[in-house]
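Just so you know, residue 1 is the first one in the sequence shown, and it goes up from there.
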Amino acid sequence: IMDVEAGGVLAVVNQPTYDPNSRSNLNPAAMRNRALVDVFEPGSTVKPLSMSAALQSGRWKPADTVDVWPGSLQIGRYTIKDVSRTEGRTLDLTGILINSSNVGMSKVACDIGGETIFTLMQQVGFGRDTGLGFPGEQVGNLPNHRKWAQAETATLSYGYGLSVTAMQLVHAYGVLANNGRSVPLTMTRIDKAPASEQVMSEAVAKTMQGMLQQVIEAPRGVFRAQVPGYHASGKSGTARKATVGTKGYTANAYRSMFAGFAPSSNPRYAMIVVVDEPSKAGYFGGLVSAPVFSRV
């Protein structure tokens, strides 16, 4: 959890945890600060960033529609599929986020080009050091290509082919919540807010705040992320886990995520929840991680 205006990291929680006073049953894996050390493909949680790049390009407006029928898209030898059935043949840009349509996002991305999305992701801190100086902190990987092929552009837009830490992801959502301004992260209390940098159009960030509020509150939205008494904004994500040591993905192994901020009208707190290989009652981020976001 971060304070989006001051850049303060308010909470970093890892499970399973350990007792530093008892070393008899200590599991080294439990000592990792996963939020800063573990990298992962962020899946659909990056769609709001890709959509922001589209809005900022001037080529797209929230009311513009995309044909997503029949729920799959062929790019070369790759087939991109939507996980769940969407509302009808066409979706507007908010509808693409609500339904988490990979097909819709890919079509928008291929129109604006991979370079546009890459630039915005870099500006919100992907592939770069957070400046926290935490021992062993990873910077992840944001790939760049001299020539962006359609397949690479599409996969980047819905969160595959790049890796981030939970800290980088919450910082990126902090930019959306802070009207497009990036504030340096800090683990210690500071007396006055640090200088911020405008890395995204303020108008685009404010538009995205409203669109992500709809992602939670619309009839087909992520209702488990709703916070009683407040409007919240956010996006769920589910990503297959890459196999260690070989190419490809592990069967039936997922990371479930939810990233968001609240209150939507004047955001103060951004939060990311990552559940590694959930085993009970499904694995979708909206099912597993969204309730944690809501309760906390």
Side-chain angles (χ1 to χ4, degrees), residues 42-114 116-117 120 150-151 153-160 176 203-226 231-240 254 256-260 264 282-291 293-294:
S44 295
T45 57
V46 303
K47 283 176 182 164
L49 301 173
S50 305
M51 203 62 89
S52 297
L55 295 174
Q56 202 163 255
S57 73
R59 293 179 62 83
W60 292 85
K61 294 182 177 61
D64 291 342
T65 57
V66 178
D67 187 350
V68 296
W69 196 84
S72 62
L73 175 67
Q74 194 75 30
I75 296 181
R77 58 193 176 91
Y78 299 101
T79 303
I80 293 165
K81 290 182 178 175
D82 283 340
V83 177
S84 57
R85 289 186 63 186
T86 59
E87 309 165 82
R89 293 185 66 117
T90 61
L91 295 171
D92 63 13
L93 298 197
T94 307
I96 288 173
L97 294 176
I98 292 170
N99 291 269
S100 205
S101 171
N102 293 338
V103 172
M105 191 69 256
S106 297
K107 287 187 172 181
V108 172
C110 289
D111 175 71
I112 62 172
T116 308
I117 297 171
L120 186 131
Q150 282 198 324
T153 299
T155 50
L156 179 73
S157 75
Y158 59 82
Y160 281 90
L176 290 173
V204 166
K206 286 185 171 176
T207 300
M208 192 53 60
Q209 290 166 15
M211 290 168 75
L212 291 177
Q213 183 179 330
Q214 286 300 303
V215 170
I216 291 178
E217 296 181 0
R220 284 178 63 114
V222 189
F223 66 90
R224 291 179 179 87
Q226 290 177 7
H231 293 296
S233 302
K235 179 77 186 77
S236 60
T238 310
R240 296 179 67 187
Y254 299 89
S256 307
M257 292 157 276
F258 192 87
S264 300
Y283 56 83
F284 290 114
L287 187 67
V288 176
S289 297
F293 172 87
S294 169

From CG (L91) to CG (D64), nearest 0.5 Å: 13.0 Å
I'd like to know if the side chain of D92 and the backbone of T65 have a donor-acceptor N/O pair within less than 3.5 Å. no
List the steps and the verdict of side chain to side chain donor-acceptor pair (under 3.5 Å) for Q209 and S233. CA-CA 6 Å; Q209 290 166 15; S233 302; over 6 Å; no
Consider only side-chain N and O atoms of S100 and S44, and report whether a donor and an acceptor are under 3.5 Å apart. yes
If we count only N and O atoms by modelled type, under 3.5 Å, do the side chains of T86 and S101 hold a donor and an acceptor together? no
Just by modelled atom types, is the D82 backbone N or O under 3.5 Å from a matching donor or acceptor in the N102 side chain? no
Looking at G285, is its backbone amide N or carbonyl O close enough to the side chain of T238 to form a donor-acceptor pair, meaning the two atoms are under 3.5 Å apart? yes
Look up atom CD1 in I80 and atom CE in M105, then write down how far apart they are to the nearest 0.5 Å. 11.0 Å
CZ/F284 to CZ/R224 distance, rounded to the nearest 0.5 angstrom? 11.5 Å
So, taking the atom named CD in Q150 and the one named CG in D111, what distance separates them when rounded to the nearest 0.5 Å? 10.0 Å
Test item: Y160 and V46 side chains (from C-beta on) under 4.5 Å apart, heavy atoms: no
Under 3.5 Å, is there a donor-acceptor pair between the side chain of S264 and the main chain of Q213? no
Indicate the ring-plane relationship of F258 and F293, choosing parallel, tilted or perpendicular according to the 30° and 60° boundaries. tilted
Which pair of heavy atoms, one from M257 and one from G43, lies closest together, and at what distance? CE-N, 4.5 Å
Please confirm whether the backbone N or O of D67 pairs with a side-chain atom of T90, one donor and one acceptor, at under 3.5 Å? no
Quick check against the 3.5 Å criterion: does S50 have a side-chain atom that pairs as donor or acceptor with the backbone of S157? yes
To the closest 0.5 Å, what do you measure between OG (S52) and CE (M208)? 3.5 Å
Main chain of A203, side chain of T207: is a donor-acceptor contact present, judged purely on distance under 3.5 Å? yes
As an exercise, state the distance from CD1 of I117 to CG of L49, rounded to the nearest 0.5 Å. 10.0 Å
Flag, side chain of N99 to backbone of I96, donor-acceptor distance under 3.5 Å: no
I'd like to know if the side chain of Q74 reaches the main chain of G76, judged simply by a donor and an acceptor atom lying under 3.5 Å from each other, with no hydrogens or angles considered. yes
